[in-house]
Amino acid sequence: MAFLKSSPATERQEPVTAPDLVARVRSHSRSFGSTQVLRSIDLDVRPGEFVALLGRSGCGKSTLLRSLARLDKVPVGEVQVNGRTSVAFQEPRLLPWRRVHENVALALLNTPERGQRLELAEQTLGEVGLTDKLGAWPLELSGGQAQRVSLARALVSNPSLLLLDEPFSALDALTRIEMHQLVIELWRRHSMAVLLVTHDVDEALALADRLVVLDEGRLAHSWDIALPRSDRAPSQPEIASTRAEILTALGVKPTPPNPKRNPLANQGAA
Amino acid sequence: MSLDLTTAQLAGRLQQTPPQLQQRAARRKPLRHLARWVSPVVIIAVWQLLSSAGVIDERMIASPSQIFATAVDLVRDGTLGAQTLVSVQRVAIGFAIGATVGLVLAVVAGLSRIGELAIDPPMQMLRTLPHLGLIPLFIIWMGIGETPKLALIAMGVTFPLYLNTLAGIWGIDRKTIEAARSMNLTWSQRIRHVVVPGALPQALVGLRQSLGIAWLTLIVAETISAHSGLGYMINHARDFMQTDVIVVGLAVYSILGLATDAVVRHLERRALAWRS
């Protein structure tokens, strides 16, 4: 298990060239073997900004997130991050042998807040509505609850950039809506920047200030959504047109009309 | 001959009903649990009747009442306690050595690529060797004192513990380790919070297997020219056709095996509460 040996980039001071940005990615490229996964990516994330990174499966969006999370080694000049980052993954990835509040507290083990880590963990678990599950084992939780613990674990260190790697894709539709509301609530309260990796266009449209589409390793398009989140009904003309543009950028064609749907109109046309 | 016997016994030991199932059944239906005692009691009663009637020769096997009386005598004059203590000591020392070696090797092989290459191939070759077959070599190397007995027990303990602990370490979900890395946990923190608890369930399986093997090895080891211990007591009784003493010795062996098994089961229940 060679991956155990590499020590994490703990609190490493990197050259801060753009203090007004939380993350600054410049001409970042990555390849595995002969496969080019990311091609010269440029991306800025401002403090408190909610960015959604959209793309098809295998387009490299998770790779970009791993670069930002420093889970993989990348050249320092290509990816700069100011302040703490934390990640919530697609699966909750809790330690099943540690109780819920200990799981959250572990994220503070190497921070100055180490001394009060259990209190802070309990406080954050309260924020995600799990006050009654503090001492539970992770295997006793439902999928949605486990994902909320994972969110609390990412939030407890008070990151300036929260990286979300498709954290809602394995949840049922109703739980997902609840989680969307929770994330927005937490984002407003903590005012950290969020980078949400997803392949769900509607999710991205409902949550983000800015949508970025990654296609074949390149950052292809970007959309700013100025509408308040409460006004982002799918029928809203601006939302509907942006949705169509994004789907086109992702290479999804609109569903053709059903010719059997209206036989009278069909006859008229004939 | 002794090899066949021990493998058969080992198989029997490994096929025991899971303790949780037994307990659950006991809690739900106390009557049914009692009912399970009926047939063993009947068998012993029939055995006693046949012995009393003279159908079963005392030189073949003593009667249950005779065995019980001998057990009481052996406890009273201190023989049984003293010999048991010697045997328990042998298992304890041999187990401690074998367990240490097995665990250290498994951790080194599990955590480093070089360690794996250096340790795993020879271990995989050696594990196919029936360790009881090493008795002649051990006698040539170490004589017939305590050393070959301890070495044999240590040898039997090392492999199940090594193999299971290594499998436990390799079985840990890489994603969990990555999550620990994303939380900036250091190497030693990842060992403590992820690797050790993650490998523990499988390591405990290895512990149970190796304890079973430790007792079996003891029985065989004590037949090589021991001057004390349960095996000595049994061999001595054989020379005088004392089948009652032999059965008492065997019963103590199985009680000791059951007792260590119960200890491990207790450990498992405490350490693996999170799996409930």
Side-chain angles (χ1 to χ4, degrees), chain A residues 1-12 62 65-66 68-73 84-100 102-111 114 117 121 135-141 149-150 153-157 159 162-165, chain B residues 20 104-120 162 165-205 267-276:
Chain A
M1 291 209 290
F3 50 90
L4 263 175
K5 290 167 80 183
S6 63
S7 94
T10 320
E11 311 285 323
R12 189 187 299 145
S62 289
L65 179 132
R66 293 176 61 89
L68 284 162
R70 302 191 190 102
L71 281 171
D72 301 328
K73 277 206 167 123
R84 285 182 189 167
T85 57
S86 59
V87 193
F89 299 94
Q90 183 173 3
E91 328 79 18
R93 299 198 188 182
L94 304 175
L95 304 181
W97 41 81
R98 293 281 185 266
R99 292 183 188 273
V100 163
E102 293 166 335
N103 259 288
V104 176
L106 272 180
L108 294 175
L109 208 53
N110 295 316
T111 63
R114 185 191 157 89
R117 62 184 188 280
W137 297 110
L139 293 181
E140 294 167 353
L141 304 177
V149 176
S150 163
R153 183 174 69 177
L155 274 176
V156 72
S157 59
L162 175 64
L163 300 160
L164 302 174
D165 192 359
Chain B
Q20 296 93 329
V104 167
L105 290 180
V107 169
V108 174
L111 295 185
S112 93
R113 181 86 191 128
I114 297 169
E116 184 198 334
L117 285 173
I119 294 170
D120 201 47
Y162 168 81
T165 308
L166 188 58
I169 294 174
W170 281 345
I172 296 171
D173 191 352
R174 294 180 74 117
K175 289 181 169 174
T176 315
I177 294 177
E178 196 173 86
R181 229 153 52 79
S182 80
M183 289 189 279
N184 281 334
L185 296 195
T186 61
W187 188 83
S188 58
Q189 287 167 342
R190 275 177 272 157
I191 297 288
R192 184 171 153 216
H193 294 288
V194 184
V195 177
V196 171
L200 193 61
Q202 193 66 36
L204 283 172
V205 170
L267 276 179
E268 276 178 349
R269 231 172 292 140
R270 286 198 51 179
L272 308 183
W274 55 270
R275 294 210 292 192
S276 59

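So you know, we letter chains A, B, ... as the sequences are listed, proteins then strands, and number each from 1.
When heavy atoms are compared at a cutoff of 4.5 Å, Leu163(A) does not approach chain B at all. Heavy atoms of Ala273(B) lying under 4.5 Å from chain A belong to its backbone as well as its side chain. For chain B, the nearby parts of Arg93(A) are the backbone and the side chain; heavy atoms of each come within less than 4.5 Å. At a 4.5 Å heavy-atom cutoff, Glu102(A) makes no contact with chain B through either its backbone or its side chain. With a threshold of 4.5 angstrom between heavy atoms, Arg99(A) does not approach chain B through any atom at all. Proximity to chain B is absent for every atom of Ala69(A), based on heavy atoms less than 4.5 angstrom apart. Heavy atoms of Leu106(A) lying under 4.5 Å from chain B belong to its backbone as well as its side chain.
Put simply, the side chain of Asn103(A) gets close to the backbone of Arg98(A): a donor and an acceptor are under 3.5 Å apart. A donor-acceptor distance shorter than 3.5 angstrom exists from the side chain of Arg117(A) to the backbone of Arg114(A), with no hydrogens or angles considered. A donor-acceptor contact shorter than 3.5 Å links the side chain of Arg153(A) to the backbone of Pro92(A). Side chain of Glu140(A) to backbone of Trp137(A): a donor-acceptor contact under 3.5 angstrom is found.
Of the listed residues (Asn184(B), Thr186(B), Leu185(B)), just one forms a side chain to side chain contact (heavy atoms under 4.5 Å, CB included) with Leu109(A), and that residue is Leu185(B).
By the 4.5 Å heavy-atom criterion applied to side chains, Ile191(B) and Leu111(B) are counted as neighbours.
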